[in-house]
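Hydrogens, waters and symmetry mates play no part in the numbers below; they use all other heavy atoms, side chains included.
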Amino acid sequence: MGQQPFILGLTGGVGMGKSTVSHMLSSIGVTVIDSDQIVHTLYAPGGAAVGEIEKEFPNAIKLGSDSPSADSSNEQTKSVDRRALSAHLSESPEKFAILEAIVHPLVKQEKLRQIDAAAQRGESIVVLDIPLLFETKSEDMCDAVMVVSAPASVQKSRVLSRPGMTEDRFALIVQRQMNEEERRKRADFIVRTDVPMEETKNHVMSIINGIKGRRGGIIRDNAKND
């Protein structure tokens, strides 16, 4: 294996524009490991998290009945109903800790696998797209962290324009996230998304160009050995 890639954490509060910046990074050829996509796979039929989630949240499990050949007795047809799980957690937010204890170790394991694969390919930079990066102490896996940010008024306007979003649900999401001042304080790089798109993209490109050639892997190796 060659030199370990530089691990750049990417995070930001809901509605801050993190997904937009993630797409920018992908579009210029940077490997982005998407935590939400990993969770989606873990929740899908046959996913590694389904069995444990069923034990704790049985009403959040659905069968693959939309498939004509699905056998409801087959464990491989079961998946997590994200809407039902979200509704349950809204009513009992104290159970987030139970869910996180199941999911976070599996997500970390898959991230490390994908980082190792990128190192095998000789990639010099890998981005970890993690919504709750600081909240889950995932900065220990990163050589630096990029925080995507926008004013609170812009954030709220963006989020409330989403289908099905309510003031109460928005408040619950924000409550679980680190406050913006603290998030920015911990950042190595801050990218604003309340400016013209081209300005944001140029800033992202400048950060990536500055990282190229920098040695990475020290912090990630420590996290792997935890």
Side-chain angles (χ1 to χ4, degrees), residues 3-41 107-108 110-136 138-139 141-163 165 170 173-174 177-217 219-220:
Q3 178 176 309
Q4 291 294 315
F6 187 97
I7 309 301
L8 177 64
L10 174 66
T11 194
V14 62
M16 292 297 190
K18 179 182 62 62
S19 294
T20 297
V21 172
S22 181
H23 292 150
M24 287 177 181
L25 290 162
S26 294
S27 73
I28 61 175
V30 176
T31 291
V32 177
I33 299 175
D34 187 333
S35 294
D36 281 344
Q37 184 56 50
I38 293 174
V39 172
H40 182 80
T41 302
V107 172
K108 181 177 180 180
E110 177 58 18
K111 287 174 193 168
L112 291 171
R113 187 195 69 77
Q114 292 189 34
I115 291 170
D116 285 341
Q120 293 282 0
R121 296 191 298 268
E123 298 184 25
S124 61
I125 301 173
V126 170
V127 170
L128 293 183
D129 182 339
I130 309 175
L132 299 176
L133 187 147
F134 293 119
E135 293 86 341
T136 58
S138 295
E139 68 267 34
M141 298 180 69
C142 306
D143 294 295
V145 174
M146 177 191 293
V147 166
V148 181
S149 186
S153 58
V154 174
Q155 175 194 30
K156 185 173 183 178
S157 175
R158 288 172 177 171
V159 177
L160 291 180
S161 69
R162 296 176 181 179
M165 184 57 64
F170 172 63
I173 294 170
V174 171
Q177 297 183 341
M178 179 177 289
N179 70 70
E180 186 62 9
E181 182 180 357
E182 181 63 23
R183 189 184 293 115
R184 289 171 66 96
K185 191 184 300 182
R186 296 192 187 191
D188 296 285
F189 308 103
I190 298 173
V191 174
R192 292 177 54 191
T193 59
D194 60 318
V195 295
M197 187 74 71
E198 195 63 25
E199 185 176 333
T200 299
K201 187 170 185 178
N202 288 340
H203 189 191
V204 170
M205 284 293 300
S206 174
I207 291 169
I208 293 301
N209 288 334
I211 286 173
K212 286 179 179 176
R214 288 175 59 179
R215 185 171 179 268
I219 301 176
R220 188 206 58 95

Exercise for the section: List in chain and number order the residues that pass side-chain hydrogen bond (donor to acceptor under 3.5 Å, both in side chains) with D188, two or more places apart in sequence or in another chain; answer none if no residue qualifies. Expected result: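 D188 satisfies side-chain hydrogen bond (donor to acceptor under 3.5 Å, both in side chains) with no residue once adjacent residues are dropped.
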Handout entry: Results of side-chain hydrogen bond (donor to acceptor under 3.5 Å, both in side chains) for T193 - residues two or more places apart only
Key =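 side-chain hydrogen bond (donor to acceptor under 3.5 Å, both in side chains) list for T193, sorted by chain: R158.
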Gap between atom [atom2] of [Y] and atom [atom1] of [X] - 0.5 Å precision:
X	Y	atom1	atom2	value
D194	S157	CG	OG	12.0 Å
F6	I211	CZ	CD1	4.5 Å
R183	M16	CZ	CE	6.0 Å
K108	I38	NZ	CD1	13.0 Å
L8	I33	CG	CD1	11.5 Å
L10	L25	CG	CG	6.5 Å

Problem - Backbone of L132 reached by a side-chain donor or acceptor of Q177 within 3.5 Å - result: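 The answer is no, because no donor-acceptor pair under 3.5 Å joins these two groups.
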Practice task
Keeping the roles fixed (side chain from S26, backbone from H23), state whether a donor-acceptor pair exists under 3.5 Å.
Solution key: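 Side chain of S26 to backbone of H23: no pair is present.
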Exercise for the section: Scan residues 5-20 for pairs that pass side chain to side chain donor-acceptor pair (under 3.5 Å), counting only residues two or more places apart or in two chains. Expected result: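 Only K18-D129 qualify under side chain to side chain donor-acceptor pair (under 3.5 Å).
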Handout entry: Working for side-chain contact (heavy atoms from CB on, under 4.5 Å), residues T41 and E110
Key = CA-CA 10 Å; T41 302; E110 177 58 18; over 6 Å; no
Does a side-chain heavy-atom distance below 4.5 Å link [X] with [Y]?
X	Y	value
M146	V21	yes
H40	D36	no
V195	H203	no

State, to 0.1 Å, how close [X] and [Y] come at their nearest heavy-atom pair, and which atoms those are.
X	Y	result
V32	S22	CG1-OG, 3.4 Å
F134	M178	CB-CE, 3.4 Å
S149	R184	OG-NH1, 2.9 Å
D143	G216	OD2-CA, 3.5 Å
C142	G9	SG-CA, 3.6 Å
I208	I28	CG1-CD1, 4.3 Å

Practice task
For D116 and Q120, run side-chain contact (heavy atoms from CB on, under 4.5 Å): C-alpha distance rounded to whole Å, both residues' side-chain angles, the deciding distance at 0.1 Å, then the answer.
Solution key: CA-CA 6 Å; D116 285 341; Q120 293 282 0; 5.5 Å; no
Problem - Residue pairs passing the salt bridge (Lys or Arg N to Asp or Glu O under 4.0 Å) test where at least one lies in residues 199-213, sequence neighbours excluded - result: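 Checked against salt bridge (Lys or Arg N to Asp or Glu O under 4.0 Å) - neighbours excluded - no pair reaches residues 199-213.
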Practice task
List in chain and number order the residues that pass salt bridge (Lys or Arg N to Asp or Glu O under 4.0 Å) with R162, two or more places apart in sequence or in another chain; answer none if no residue qualifies.
Solution key: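 Residues passing salt bridge (Lys or Arg N to Asp or Glu O under 4.0 Å) with R162: none at all.
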Problem - Residues forming a salt bridge (Lys or Arg N to Asp or Glu O under 4.0 Å) with E182, sequence neighbours excluded - result: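 Per chain and number, E182 pairs via salt bridge (Lys or Arg N to Asp or Glu O under 4.0 Å) with K185, R186.
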Practice task
Any chance you could lay out the side-chain contact (heavy atoms from CB on, under 4.5 Å) test for T200 and R192, step after step, and finish with the verdict?
Solution key: CA-CA 6 Å; T200 299; R192 292 177 54 191; 5.7 Å; no
Exercise for the section: Show your working on side-chain contact (heavy atoms from CB on, under 4.5 Å) between L112 and M141 and close with a plain yes or no. Expected result: CA-CA 9 Å; L112 291 171; M141 298 180 69; 3.7 Å; yes
